[in-house]
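Report on the following structure.
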Amino acid sequence: ELVEAVPMPALTSLTVHCSLVNGGAALPGTHVETPPVPLERCVRWNPSPWWHVGPQVCDLPPSSRLRLQLLGISPDAVEPVELASASMQVFDFRRVLATGRVALRMWPNHVDTLHAPPVVNRRTEFP
């Protein structure tokens with residue numbers, strides 16, 4: 001099975017969308033996003049009040065997840081293009097809030113023919 005390659009418009013800036021989700025649905029009042037920053041060799045976001053969300057931690061369901069989405073912005077596109085995303089549990093199995101630094105792997109949402117060669121997924125048949 002081949003992964004379908006999608007041509008992507010030239011990107012000029014990036015933004016990050018952050019939300020808390022539970023059961024696949026975003027929790028009300030938890031969606032925040034960074035201001036767009038120019039696409040350069042080293043992209044940095046300065047800490048700002050955009051990380052403060054509505055609900056109190058004690059009001060969050062124990063199965064809440066933090067979802068981060070990296071989006072590219074093109075002057076030709078109507079909507080930003082989702083480049084990659086990652087999510088993590090907000091609470092551990094003891095219902096303790098996750099704290100500290102966490103390394104997350106961002107998963108691409110599609111193959112971009114402009115910025116990367118096409119990828120072939122090979123299906124393995126098991127007897």
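Here the structure is a predicted model, which is why all the values come from computation and not from measurement.
In this structure Val96 satisfies the side chain to side chain contact (heavy atoms under 4.5 Å, CB included) test together with Asp92, Arg94, sequence neighbours excluded. Taking Ser64 as the reference, nothing meets the side-chain hydrogen bond (donor to acceptor under 3.5 Å, both in side chains) condition, with sequence neighbours excluded. For Arg105, there are no side-chain hydrogen bond (donor to acceptor under 3.5 Å, both in side chains) partners, not counting sequence neighbours. Applying the side-chain hydrogen bond (donor to acceptor under 3.5 Å, both in side chains) criterion to Asp59, with sequence neighbours excluded, gives no partner residue. Residues passing the side-chain hydrogen bond (donor to acceptor under 3.5 Å, both in side chains) test with Arg65, sequence neighbours excluded: Ser87, Gln89. Not counting sequence neighbours, the partners of Pro62 by the side chain to side chain contact (heavy atoms under 4.5 Å, CB included) test are Arg95. Partners of Ala26 under the side chain to side chain contact (heavy atoms under 4.5 Å, CB included) rule, at least two apart in sequence or in another chain, are Val21, Arg67. By the side chain to side chain contact (heavy atoms under 4.5 Å, CB included) test, Thr12 is found to be paired with Pro75, residues two or more places apart in sequence or in another chain being considered.
Atoms SG and CG, from Cys18 and Leu66 in turn, are 4.5 Å apart once rounded to the nearest 0.5 Å.
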Discussion item. Apply side chain to side chain contact (heavy atoms under 4.5 Å, CB included) to residues Ser63 and Asn22 and explain how you reach the verdict.
Written reply: CA-CA 6 Å; Ser63 58; Asn22 185 40; 2.5 Å; yes
- Going through the distances and angles, do Leu14 and Ile73 end up as a side chain to side chain contact (heavy atoms under 4.5 Å, CB included)? CA-CA 6 Å; Leu14 297 173; Ile73 299 172; over 6 Å; no
Exercise for review: Carefully, step by step, assess Leu11 and Leu83 under the rule side chain to side chain contact (heavy atoms under 4.5 Å, CB included).
Suggested key: CA-CA 11 Å; Leu11 302 175; Leu83 302 174; 3.9 Å; yes
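In terms of hydrophobic clustering, with Ile, Leu, Val, Met, Phe, Trp and Tyr side chains grouped at heavy-atom distances under 4.5 Å, Leu71 and Leu39 are assigned to different clusters. Cluster annotation: Leu20 is connected to Val102 through the hydrophobic network of ILVMFWY side chains, with a link wherever side-chain heavy atoms come within less than 4.5 Å.
Contact check for Ser74 versus Val81: no side-chain heavy atoms found under the 4.5 Å cut-off.
Side-chain N/O atoms of Thr34 and Thr15 include a donor and acceptor closer than 3.5 Å.
In terms of modelled atom types and a separation under 3.5 Å, the side chain of Ser85 and the main chain of Gln69 share no donor-acceptor contact.
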